[in-house]
**Q** 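I have a structure here, written as structure tokens, and I will follow up with some questions on it.
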There are 2 protein chains.
Amino acid sequence: MRGTLNKELVIRLLKYRRILTQLKSLGFEKVFSNNLGDAIGVAPALVRKDFSLLVLGGNKRGGYNIDYLSEQLGLILGKTNEQKIIILGMGKIGTAIAQYKGFLQGDFEVAAGFDVRPVGLPESLSLKVYPIEELAAFCNANSIQVAILAVPEEVATESHKLLKDSGIRGILNFTPVELKTTPNCIIHNINIGVEIENLFFQVIRNGLSGA
Amino acid sequence: MRGTLNKELVIRLLKYRRILTQLKSLGFEKVFSNNLGDAIGVAPALVRKDFSLLVLGGNKRGGYNIDYLSEQLGLILGKTNEQKIIILGMGKIGTAIAQYKGFLQGDFEVAAGFDVRPVGLPESLSLKVYPIEELAAFCNANSIQVAILAVPEEVATESHKLLKDSGIRGILNFTPVELKTTPNCIIHNINIGVEIENLFFQVIRNGLSGA
DNA sequence: ATTTTATTGTACTAAGTTTCACAAAAACTT
DNA sequence: AAGTTTTTGTGAAACTTAGTACAATAAAAT
């Protein structure tokens, strides 16, 4: 079953889960496919299809039960709580991500930062920054599997190698260098420059009809 | 022709252009479809298909001419140089992006930052941070079309409205709230939390075969 | 109890995208 | 000059994904 979960579907499921958590905290008990569709920006039929594929049933007029859905999605997606990540490259982007509010909501924890210089640590943050020489030992000792890469472009490739050699199995790459997934290490590239160029292109193409 | 450029294709074209710029600076004159495919992580046949679609020809054994390709991609994608953006929300993420090295390479310029408080400006950065009351006037006076949204989650929705009311036509959204594209304003959502959850899921599913 | 309404579940349809496979052609070799 | 190699260009196939439309059915209303 899980072999059939493609990338886009997984992202939708993660988003459903986030919405469900919010709805639950608001005291809601059930939800309809069009609510979820609206919330994550897809058609209601696709929501139903997704749940149908996962054999998560709803009630013909009562929609879906939020508790049940949350629970089942938890089983399928796994609990990410208590998962730990490290950040390699504690420059502006790295430290910003370390303090990202979304992480404080209990999704996962930044276990440590690493940099060439053990510097620039904002005092308010209870996060230690170690020199990169200690990366492999730390990852090993703490079973770290996932890392954020936020080093300067010039050292992206060598940092990538370093992470792989430290046993890291997944990297969220914020450098502009396009890293490639291998059987041992999954890469997700976030290229902010390309994202903005892309946005400009879409905006210009979209024209000024409404301005 | 441009109507046929879908989202993924545009991203590939932007990536080709970046690679070509790098190759040119290294003194290369021609490039093969497999080089470009390797560089951006797609099959060579797709590279050729892309260029074929855009009627960008290569030489049957000599590959593609880098200068020509660069020039033509420039015509298709538009020059993003000299484009200006603003950042709404000058917290950690906002200021980090303002200082992002990739932007300094001349792709575009951060014209100003905006925040509820005109505070926290790093002195080394020649960027002014204005109170949000001035947002609409500034965007109007400077013809700003694209913005980065990096405010706290709680004020994401109202900030979104504010940007639209200020004439912004494209938003790169770093808040966890899923904003939706409208005819007048294109949204690209970057949800770091979801990205990390997704990475964890892929890593766990991928198993530990190589560790 | 019957009718109406709202919503799920899914077979079918449609569209889009990537990969495959190979002919065509240019450049190089002998 | 003939043959060999390399690389493009592309039609066809395969795959994937999303959308449509409607039957089934549960709940609500009368």
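This is a predicted model, so every value here is computed, not measured. Throughout, a chain's letter reflects where its sequence line sits, starting with A, and its residues are numbered from 1.
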**Q** Hey, does the side chain of B:N6 come within less than 4.0 Å of C:dT17's phosphate (OP1/OP2), counting only N and O?
**A**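 True: B:N6 side-chain N/O within range (under 4.0 Å) of C:dT17 OP1/OP2.
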**Q** Can you tell me if the side-chain N/O atoms of A:S33 get under 4.0 Å from OP1 or OP2 in C:dT8?
**A**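 For C:dT8, OP1 or OP2 has a side-chain N or O of A:S33 closer than 4.0 Å.
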**Q** Do B:K60 side-chain and D:dG9 base share a donor-acceptor contact under 3.5 Å?
**A**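 A donor-acceptor contact between them is absent.
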**Q** Under 3.5 Å, is there a donor-acceptor pair between the A:N198 and A:Q202 side chains?
**A**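 Present: a donor and an acceptor within the cut-off.
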**Q** Using a 4.0 Å heavy-atom cut-off, does B:Y64 contact any base of the nucleic acid, only the sugar-phosphate backbone, or nothing at all?
**A**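 Sugar-phosphate, no base atom in range.
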**Q** Which nucleotide, D:dT10, D:dT8, C:dT18, lies nearest any side-chain atom of B:L46?
**A**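 Selected nucleotide: C:dT18.
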**Q** Looking at A:R12, does any N or O in its side chain come under 4.0 Å of the phosphate oxygens OP1/OP2 on D:dA18?
**A**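 Answer yes for this pair, as a side-chain N or O of A:R12 is under 4.0 Å from OP1 or OP2.
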**Q** State yes or no: are the ring centers of B:Y64 and B:F51 separated by less than 6.0 Å?
**A**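 B:Y64 vs B:F51: aromatic centres under 6.0 Å.
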**Q** Give a yes or no on whether a donor-acceptor pair under 3.5 Å exists between the nucleobase atoms of C:dT8, that is its base, and the side chain of A:R61.
**A**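 No, the side chain and the base share no sub-3.5 Å donor-acceptor pair.
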**Q** Would B:T175 and B:N173 count as having a side-chain donor-acceptor pair, cut-off 3.5 Å?
**A**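 Present: a donor and an acceptor within the cut-off.
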**Q** Got a donor-acceptor pair under 3.5 Å from the side chain of B:K49 to the base of C:dT19?
**A**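 It does, because a donor-acceptor pair links the side chain of B:K49 to the base of C:dT19 below 3.5 Å.
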**Q** For A:G57, report the nucleic acid contact type (base, sugar-phosphate, nothing); a contact means any heavy atom under 4.0 Å.
**A**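 Sugar-phosphate contact only.
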**Q** Which nucleotide in the set D:dA24, C:dA21, D:dT20 lies at the smallest distance from any side-chain heavy atom of B:A45?
**A**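 Looking only at heavy atoms from C-beta outward on B:A45, the closest nucleotide is C:dA21.
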